[in-house]
Amino acid sequence: MAKKHITTTINGDPVEFLCDTEQTLLDVLRDELRLTGSKEGCASGDCGACSVTLDGRLVCACLVLAAEVEGHEVTTIEGMAVGDQLHPLQQKFLDHAALQCGVCTPGFLVAAKALLDRNLDPTEAEVRYWLAGNLCRCTGYDKIVRAVLDTAVEMRG
Amino acid sequence: MVAAVEKIFNDTITDRETREKTLKWVGTRAPRPDGVDKVTGRAKFGADTYLPNMLHGKVLRSPHAHARIKSIDVSKALALPGVKAAVTRDDFPDQPAGAVQPAGEMVINYRDMTRNIMAREKALYEGHAVAAVAAVNERVARKALSLIEVDYEILPHVIDVEEAMKPGAPLIREDLITEGMEPAPKEPSNIAKRVEFGHGDLDAGFAKADVVIERTFKTQPVHQGYIEPHACLASFSEDGQAELWCSTQGHYVARGHCATLLQIDVSKLRVTSSEIGGGFGGKTVVYLEPVALALSRKACQPVKMVMTREEVFRATGPACGSSMKVRIGATRDGHITAGEAILNFQAGAFAGSPVPAAAQCAFAPYDLKNVRTIGFDVLCNRPKVAAYRAPGAPLGEYAVESVIDELAKKLNMDPLEFRLKNAAKEGSESSYGPKFGPIGCVETLEAAQKHDHYLSPLNPGQGRGVASGYWFNIGGQTSATLNLCEDGSVALVVGTPDIGGSRASLTMMAAESLGIELDKVRPIIGDTSALGYNMLTGGSRVTFAGGIAVHGAAEDMIHQLRERAAATWDIPIEDIEWHEGQAVALNGHADQEAPLFMLDLAKDMAKSGGPIVGRCSTNAQGAGPSFGCHIVDVDVDKETGKVSVTRYTVIQDAGKAVHPSYVEGQYQGGAVQGIGWALNEEYIYDENGKVENPGFLDYRVPVCSDVPMIDTVIVEVPNPEHPYGVRGVGETPLVPPLAAISNAVENALDIRFTELPMSPPRVLAAIESAS
Amino acid sequence: MARIVLTGNLKLYTGGVTELELESRSIRSLIRDLRRRYPDIPQDIEDELAISIDGVLHQDDWFAKIGPDSEVHLLPRIAGG
């Protein structure tokens, strides 16, 4: 079967790619576009390491077929910093040591940003439940939650 | 030769105390050198590399838990367009029975390893690799697997450790006679080994006791649960030289294993460790790497192999399940007179569970005159177990700390007070033999007693539990190099993959020892050709042994800098001191000579003798053990059986916390892994020995909403064998949680659970039968 | 004479003896001296051992010094995760 030709927007840039029917958005981001910041931890939507946003909505890229993004907007971890300016979340993760091995970090950052884009004053419980779709095995989540709450404080001004 | 014998730094207690007073970087929360790449997604993990002309490798795995492999036919797979190579057992030379080599931290039986990475006579677990192909893309590779024909003769299987020990159980190895028994058994069994440790007179000890409690325990196997599946990219050239990129805890160890399994010179294989997305002991071994190399050697193209999450669960080494019996006796006034444990551990398809370490550690927090532990290493039809953070100790101490808690309750003593009364101290004869040097067992217990958590009242229905934990920690072969750049900045090359922030601590120690600004040191993790041997990252060794090597390299560089200053000023080297990053002339010469900075000496190094490189290669000895104590509060929902952790405090001895944030991170991460192990995680097998829950949905690890903030207290009882007093901390955090949580549940419900996990169905059933 | 304690299964090679005194001055010579006295001890036994000298742990350390009054414990090799 011939590959599909898809036109989309990724991190604000127009992008075209070819994909097989069964390829997921995660497959394409990584293997075709070499945007390897989104990670595959499970390929079943359980770990959140592949978190991206699709038209502003937080999704697991492993659960989106690549062909589905035709005409839509995707943002990934690679689009979070602007030039050499880290997003406040990224800086706070560093300040709070909210990462150890770092493989889950892109997913957490995308997910946390999606939260703060909607709610700049979450409670600890709201942060924990919003991030319940992102697994971390190294940190025990403590410093991640603190970093997100601290970012919210900073961004509220 | 002599260098190996002498300490690589000439330290006295005064040196250390002086250093402690003037610390600039060590002990601070400095920025992490690899942090920005990790928060931007730039950092490259195992699956993040691509090479031109790359093939995709995939493994065909046994669908049977136990089967004789009568034949394997890959011809149809090879005939499929796009398939470039296939490998089976025929492509890996057999290793003789006696092929045992020290590698990494453990003695490796290569006869077993070659069978684990590719089945030979039998498939020994569901998921066991039987063949592999390399093809132009994943779709073709998957299709090729479906064309491989394997003739299996299905055999009866056994998984549970007690079932595997019974006479008449299906035998994993038909010729296995238990090691360590005198006289040796006449009949083969699944019991690979018996070990025994202890000292004193157990019978006399129990005779003195006023109270004796005996309990049996049962635990299910769990997985380390690293978020990044195993991944590698192998590239073999036509002349027999090869490159391997892989996610590993030890690239030198991986190199050694692959070279042995493929029978090539070690130096012909250059291994680069990618960033690693979690290991916890599970990535101290090889699975895909030798297979990818073998495929690449045949195809002469790079071969990339990445495990799916399902493959990780079915086919990689998890931690063992167990059955255990513990008996402890004490006098009415709270003095433990005897302790005994019998531990049966599942080794999986090949011998080598951590039952010896568990047997040694189980009673380690206590100063006992009479103690004995016996361990059995038992084969069964599951993957060969791999290390999981203080391997063996979490289970042994789960059993012992549970009984300790029951004893305290029976004696009407505060659980911390009871532990303190019997605590191991400096000079105590440890449960495994040697006398302890300076240790922090008492300090962690006292810190727990004083902690706000322990002193706060509980809400109605809540329960509180405490438990102690211990791990030996290790040192090992470590090499580090400091290269002085022309502008006075320094490149630090180390050989230990960074799984938790060690680049930060090693850089801080380098800057501290050199007396220069932190941002003048750039660390990288070199590949295997860049440095002398480095044992893997594990055993809580990197900050300890890496710190010794980095400090040694700094001292070597300082010596050379002083030599250059001496030559430049034409004064004896004895009259030159290195102080805060400068060569300073002493003894009257100071009037004539202004200090020389790193920059000055670097600028002229070509003319003053050539490149200045500080090196240290050592086998670090004298790792100091780390004791911990955890306090946990739980709520139990009596309608659903759900146990919620409402408050958690980790108190642990770090010797010296080089970077407190990353020490806290180890404490918190281990505690939460322990919460998962205690409350939810387990492998579930069907009647055919197949894993029913090989994914994160049904293998339930803790998520963010499951746990509270994890408070930490860093106790510091310095380790005299390290220039900064460091003790390894990475493993001990997983040791106390199982018992601490079980003790908390008992405190809440008055029901003593002796089986893990305490998942909702089990808790509910126990509540219902108790009422 | 240093006090040498054999833990774990080592006593199976020594007919049950778990403690002895030897004059060995390094780990390497200790292994040699032990094997001379108990030839059943395998040649590569050191690969399976960790050795504690006066409470300090050594692994793969042939030339570690054993003093005349040292207490030495032979333990199984320690791994980690």
Side-chain angles (χ1 to χ4, degrees), chain A residues 20 22-23 27 30-31 34-47 49 76-78 80-81 86-87 89-91 93-109 124-125 127-146, chain B residues 29 31-32 34-45 47-50 138-139 224-229 275-280 306 308-310 498-501 659 661-662 664-673 675 695-697 701-712:
Chain A
D20 294 322
E22 75 269 20
Q23 275 183 294
D27 293 334
R30 291 178 54 80
D31 300 336
R34 300 293 152 89
L35 293 170
T36 56
S38 308
K39 310 294 180 193
E40 179 178 308
C42 70
S44 55
D46 296 310
C47 76
T76 72
I77 181 67
E78 286 88 352
M80 202 160 171
L86 294 179
H87 187 280
L89 269 171
Q90 291 171 305
Q91 187 58 53
F93 265 56
L94 291 174
D95 297 341
H96 281 267
L99 59 144
Q100 286 177 34
C101 80
V103 79
C104 72
T105 305
F108 267 98
L109 285 168
E124 182 186 329
V127 170
R128 286 187 179 279
Y129 276 90
W130 184 273
L131 296 176
N134 290 78
L135 296 184
C136 175
R137 202 57 165 163
C138 293
T139 67
Y141 304 107
D142 182 295
K143 293 180 190 296
I144 292 175
V145 173
R146 289 183 201 273
Chain B
R29 296 174 195 260
R32 178 174 165 161
D34 56 311
V36 171
D37 283 353
K38 298 236 161 120
V39 299
T40 55
R42 187 181 288 115
K44 285 197 177 332
F45 291 81
D48 295 340
T49 291
Y50 301 78
E138 268 198 69
R139 191 198 245 181
Q224 302 86 348
Y226 33 83
I227 305 299
E228 181 209 23
E275 298 295 340
I276 168 175
F280 314 110
V306 182
T308 63
R309 178 54 52 185
E310 226 187 279
D498 183 352
I499 55 182
H659 195 310
S661 302
Y662 291 103
E664 291 162 356
Q666 292 299 313
Y667 293 2
Q668 294 165 330
V672 172
Q673 284 182 315
I675 289 172
F696 280 130
L697 184 61
V701 304
V703 304
C704 203
S705 49
D706 287 329
V707 295
M709 295 296 186
I710 311 286
D711 290 326
T712 59

Cut-off 4.5 Å, heavy atoms of chain B, and the answer for Q91(A) is neither
Between the main-chain N or O of I710(B) and the side-chain N or O of D142(A), is there a donor-acceptor pair closer than 3.5 Å?
-> yes
Please state whether the side chain, the backbone, both or neither of I276(B) comes within less than 4.5 Å of a heavy atom of chain A.
-> backbone
Evaluate the side-chain proximity of I144(A) to C136(A): yes if any heavy-atom separation is below 4.5 Å, no if none is.
-> yes
Side-chain touch L89(A)/M80(A), heavy atoms, less than 4.5 angstrom | yes
Under 3.5 Å donor-acceptor, R309(B) side chain and F696(B) backbone | no
Please look at A43(A) and chain B and tell me whether the side chain, the backbone, both or neither of the residue comes under 4.5 angstrom of a heavy atom of that chain.
-> neither
With only heavy atoms counted, which part of Q673(B) is less than 4.5 Å from chain A, the side chain, the backbone, both or neither?
-> both
Can you tell which part of L131(A) gets under 4.5 Å to a heavy atom of chain B, answering side chain, backbone, both or neither?
-> both
Under 4.5 Å from any heavy atom of chain B - which part of D31(A) | both
Just wondering, do C101(A) and Y226(B) contact through their side chains at under 4.5 Å, heavy atoms?
-> no
Please determine, among R30(A), Q100(A), K39(A), Q23(A), the option with the most heavy-atom pairs under 4.5 Å with chain B.
-> Q100(A)
Flag the one option from A125(A), G102(A), G37(A) with the top tally of heavy-atom pairs under 4.5 Å to chain B.
-> G102(A)
Contact class of Y129(A) relative to chain B, heavy atoms under 4.5 angstrom | both
Is the closest side-chain heavy-atom distance between T139(A) and L99(A) below 4.5 Å?
-> no
Sequence neighbours excluded, which residues qualify as side-chain hydrogen bond (donor to acceptor under 3.5 Å, both in side chains) partners of S38(A)?
-> none
Checking E22(A) against chain B: side chain, backbone, both or neither under 4.5 Å from a heavy atom?
-> side chain
Residues that F45(B) engages under ring pair (Phe, Tyr, Trp, His ring centres under 6.0 Å), provided they are two or more places apart | none
With chain B, which of E78(A), H87(A), E124(A) has the greatest number of heavy-atom pairs at distances under 4.5 Å?
-> E124(A)
Name the region of I77(A), side chain, backbone, both or neither, that has any atom closer than 4.5 Å to a heavy atom of chain B.
-> both
